Amino acid sequence: MVEVKVKLPDNSEIAIEKGKTILDLANKISPNLAKASLAAKIDDKLVDLTYPIEQDCKIELITARSDEAFHILNHSAAHVLASAVVELFPEAKPTIGPSVDEGFYYDFEVKKPFSQEDLEKIEKKMIEIIEEDTPFIREEVPIQEAIKYYEKVEKNKFKVEILKEMPDVDTVSFYSHRNGKFKDLCRGPHIPSTKKIKAVKVLNASSAFWRGDAKRESLQRVYGIAFTDAKKLKKHLKMLEEAKKRDHRILGPQLDLFDTADEWGPGMPLIYPKGTILLEVIKEFWKKEHKKAGYKVVQTPHLFKEIVWKTSGHLDYYLENMYPVDARGERWYVKPMNCPGHMMIYNRKTYSYRELPERIAEMGTVYRYELSGVLHGLFRIRGFTQDDSHIFMLPEQLEDEIVKIIEMVNHFYSVFGFKEWEFFISTRPEKSIGTDEGWEHATKSLMNAIERVGIKYKIKQGDGAFYGPKIDVDVKDAIGRRWQLATIQVDFNLPERFDINYIGEDGQKHRPFIIHRVIYGALERFLAILVEHYAGKLPIWLSPVQAIVIPITDEHINYAKKVVEILDKEGIRAEADLSGERMEYKIRQANLQKIPYIINVGGKEIENNTIAVRDRTNKVRFGVKIEEFVKEVKEKITNYE
RNA sequence: GCCUCGGUGGCUAAGUGGUAAAGCGUCGGAUUCGUAAUCCGCAGGUCAGGGGUUCAAUUCCCCUCCGGGGCUCCA
């Protein structure tokens with residue numbers, strides 16, 4: 001008997017007979033572990049539990065608690081979905097069905113789109129199939145045979161297309177479940193059997209193009225999500241419900257912040273007075289921090305003549321997204337980006353190397369003709385304001401500048417109450433401009449900078465813009481959703497197009513490095529994210545109305561006005577509710593408006609020159625001195641609470 | 001832009017081949033009240049717009065616009 005040595009994650013070693021499967025190994029360690037295992041990693045490669053162990057290796061078992069479990073489970077659930085669909089709709093042609101961060105989907109070619117009832121039927125059938133508890137079985141097949149199978153038996157041109165595009169493969173793998181009743185081309189791995197899926201939900205259906213290509217076949221995509229335990233599904237559904245409740249498109253108009261448009265222009269929101277106060281607070285903070293960090297704030301026009309966009313290259317590559325304006329025979333364009341203006345401002349004079357870095361910043365409103373289908377509340381609109389900045393610098397200043405930006409990003413997000421955000425570096429894509437040295441220096445500077453700040457990051461290989469590498473920052477909100485906010489991009493394109501120079505120590509012209517960056521991204525979107533993050537309950541410093549004063553009867557109106565006046569003078573945003581409603585009603589309204597402080601004043605308060613304060617804990621403090629209250633609130637505002 | 005589902009007063013909506021409930025909100029009146037909805041009343045809709053079928057269309061059909069979900073795009 002030949003034995004091989006297997007190293008486990010705790011660094012212990014265990015010997016097992018050569019050729020035994022990973023499941024055997026798991027059983028040897030503990031039957032409970034075997035039962036809990038869904039798949040495994042052998043020398044960092046994901047495999048099935050039935051994978052034979054042929055040589056010394058490192059093995060990590062994947063249980064419900066592993067990070068990979070969710071994807072494997074959902075991928076298997078996608079197969080179960082496909083098997084349910086082909087049973088219910090025999091003419092449906094399965095195409096692809098991966099797991100994604102939000103669960104899984106499977107695309108089918110069908111004659112008729114799935115209805116709501118169809119989805120319910122599919123979910124029911126899926127649960128039946130899961131209950132059958134049949135194993136997932138892997139089978140290796142020569143690729144030619146696989147092609148023949150899909151051409152002749154299944155008559156599925158999509159699978160044939162996938163197979164024919166596989167380079168240099170002799171065999172491919174199939175996975176079947178339901179005792180062979182359903183099989184699908186798949187790399188795997190899969191869970192040992194269907195019943196490992198403890199909870200599944202078919203979420204919705206929509207259409208999608210084959211290979212995401214609008215010119216190709218339109219497919220029906222079914223989305224779902226699976227979990228290793230029913231509680232997690234419940235939690236997830238609750239999160240979705242919570243997300244619905246936080247929807248800024250509902251909360252925005254409700255809190256009188258803004259509304260999105262239809263009759264006055266899709267993608268062109270109206271920001272109401274209270275929403276504007278919030279934006280102003282966000283801008284004020286921006287201004288303060290940028291001044292501290294040595295940025296120079298500029299302003300550039302909303303329109304430029306055609307020639308500018310010719311120079312910048314937008315006319316060649318971005319025209320579809322731009323709003324043209326014809327003015328007395330001349331063609332103008334509304335700016336979709338702020339860059340050209342900033343380039344021209346830099347070019348107004350000759351810079352010496354001593355003057356760099358030069359940091360130019362602008363809260364610039366841009367307009368982009370986004371396709372109607374992508375518009376969504378304030379998240380995706382056609383006119384929005386970027387907290388834009390372009391930094392011009394010497395090559396050796398790149399790293400330091402990026403460090404500064406990262407520190408600024410960290411400061412911004414923590415001030416706005418986010419707890420977690422993640423950095424990604426995107427490297428050079430296939431189609432790109434610029435020199436190898438330039439890319440290397442820039443990419444390296446990005447990495448060094450992040451490392452210097454001591455943050456972890458992930459690399460997105462080849463995901464950079466054509467004009468340079470970049471750092472993207474994803475922020476996680478209160479219910480765990482991710483939003484890409486900041487982007488810090490090196491730009492090799494604009495310096496060339498606008499012939500951007502500085503005079504070096506040698507008296508010669510040189511190209512500076514340019515970083516393009518935003519922290520909020522788009523102000524309007526950031527506002528919407530804040531609304532959803534806080535479910536409308538904005539921190540005091542951001543609340544458009546920080547305190548509302550409610551008199552108990554008309555006799556107390558004058559005192560209420562006086563209190564508002566005092567608070568106002570102290571820089572606290574206060575209002576009085578002098579409508580004819582009852583006090584209880586007003587309190588309820590103020591609560592619904594999520595105003596942080598509700599102040600009641602009546603005879604007792606007038607007599608003692610105090611106020612009754614109800615805060616967000618919903619407890620009332622009677623007999624509070626106005627000065628005391630002012631001091632308390634001002635302190636919170638200063639501390640961004 | 002493509003696929004799909006939808007559009008009934010400011011909002012949430014019920015409903016029907018014979019021109020439309022209700023609640024909230026708005027406005028007016030009464031009430032002047034001690035901590036999460038006081039009572040009464042008025043106003044407000046060419047049922048998204050246009051075309052067609054029909055004796056008759058908000059309802060059935062077609063087109064357009066707008067929105068939701070998804071795809072795509074993101075120099």
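Chain letters run A, B, ... following the sequence lines, proteins first and then strands; every chain starts at 1. Please read all numbers here as calculations on a predicted model, not as lab measurements.
The side-chain hydrogen bond (donor to acceptor under 3.5 Å, both in side chains) search around A/T311 returns none, not counting sequence neighbours. The side-chain contact (heavy atoms from CB on, under 4.5 Å) check on A/V564 picks up A/V549, A/A574, A/A576, with sequence neighbours excluded. For A/R249, the side-chain contact (heavy atoms from CB on, under 4.5 Å) criterion is met by A/D247, A/H376, not counting sequence neighbours. Judged as a side-chain contact (heavy atoms from CB on, under 4.5 Å), and not counting sequence neighbours, the contacts of A/A442 are A/L398, A/P469, A/V490, A/F492, A/F513. By the side-chain hydrogen bond (donor to acceptor under 3.5 Å, both in side chains) test, A/E217 is found to be paired with A/K157, residues two or more places apart in sequence or in another chain being considered. Scored by the side-chain hydrogen bond (donor to acceptor under 3.5 Å, both in side chains) test, A/K305 finds A/E330 as partners (sequence neighbours excluded).
Helical stems of RNA chain B (runs of at least 3 Watson-Crick or G-U pairs, donor-acceptor distances under 3.5 Å) are listed by first residue: B:1-7 with B:65-71, B:10-12 with B:22-24, B:27-30 with B:38-41, B:48-52 with B:60-64.
The pair A/R428-A/E440 does not meet the salt-bridge criterion, since no charged nitrogen lies less than 4.0 angstrom from a carboxylate oxygen. Under 4.0 Å is where a charged nitrogen must lie from a carboxylate oxygen, and between A/D388 and A/R517 no such pair does.
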Polar atoms only, N or O, under 3.5 Å: list the protein pairs with nucleotides 8-14 of chain B and their distances.
none

Quick one: which protein N/O atoms are closer than 3.5 Å to N/O atoms of nucleotides 30-33 of chain B? Pair and distance per line, please.
from  : atom 1 : to     : atom 2 : distance (Å)
B/U32 : O2     : A/D554 : N      : 3.0
B/U32 : N3     : A/D554 : OD1    : 3.3
B/U32 : N3     : A/D554 : OD2    : 3.1
B/U32 : O4     : A/D554 : OD2    : 3.0

With 3.5 Å as the limit, what N/O pairs link the protein to nucleotides 71-75 of chain B?
from  : atom 1 : to     : atom 2 : distance (Å)
B/C71 : OP1    : A/Y223 : OH     : 3.3
B/C71 : O2'    : A/F209 : N      : 3.4

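Taking atom NE2 of residue A/H556 and atom P of nucleotide B/U35, one finds them 14 Å apart after rounding to whole Å. In this structure, A/D247 atom CG and B/G67 atom C1' are separated by 13 Å, rounded to whole Å. A straight line from CG of A/L375 to C1' of B/G1 spans 12 Å, rounded to a whole angstrom. As a whole-Å value, the separation of A/E607 CD from B/G34 P is 16 Å. In this structure, A/D577 places its CG atom 16 Å from C1' of B/G34, rounding to the nearest Å. Atom CZ in A/R588 sits roughly 11 Å away from atom P in B/C24 (whole-Å rounding).
Neither side chain, A/E581 nor A/S579, offers a donor N or O lying under 3.5 Å from an acceptor on the other.
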Item to complete: Mind running side chain to side chain contact (heavy atoms under 4.5 Å, CB included) on A/V531 and A/L378 for me, showing each step along the way?
Response: CA-CA 11 Å; A/V531 168; A/L378 285 194; over 6 Å; no

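Counting non-hydrogen atoms under 4.0 angstrom, A/K604 reaches a base of the nucleic acid. Using a 4.0 Å heavy-atom criterion, one finds that A/E605 contacts the bases of the nucleic acid, with or without backbone contacts as well. If you check every strand for non-hydrogen atoms under 4.0 Å, A/A612 touches a base.
In the set B/A36, B/G68, B/U35, B/G68 carries the atom at the smallest distance from any side-chain atom of A/H376.
Sequence neighbours left out, the pairs with a member in residues 603-622 of chain A that pass salt bridge (charged side-chain N to carboxylate O under 4.0 Å, His left out) are A/R621-A/E632. Residue pairs meeting the ring pair (Phe, Tyr, Trp, His ring centres under 6.0 Å) criterion with at least one member in residues 575-595 of chain A, sequence neighbours excluded, do not occur.
A/F379 has its ring centre less than 6.0 Å from the ring centre of A/H248.
Note that A/R382 lies in the cation-pi zone of A/Y369, set by a 6.0 Å cut-off to the ring centre and a 45° limit from the axis.
In terms of phosphate contacts, A/Y585 brings a side-chain nitrogen or oxygen within less than 4.0 Å of OP1 or OP2 of B/G25.
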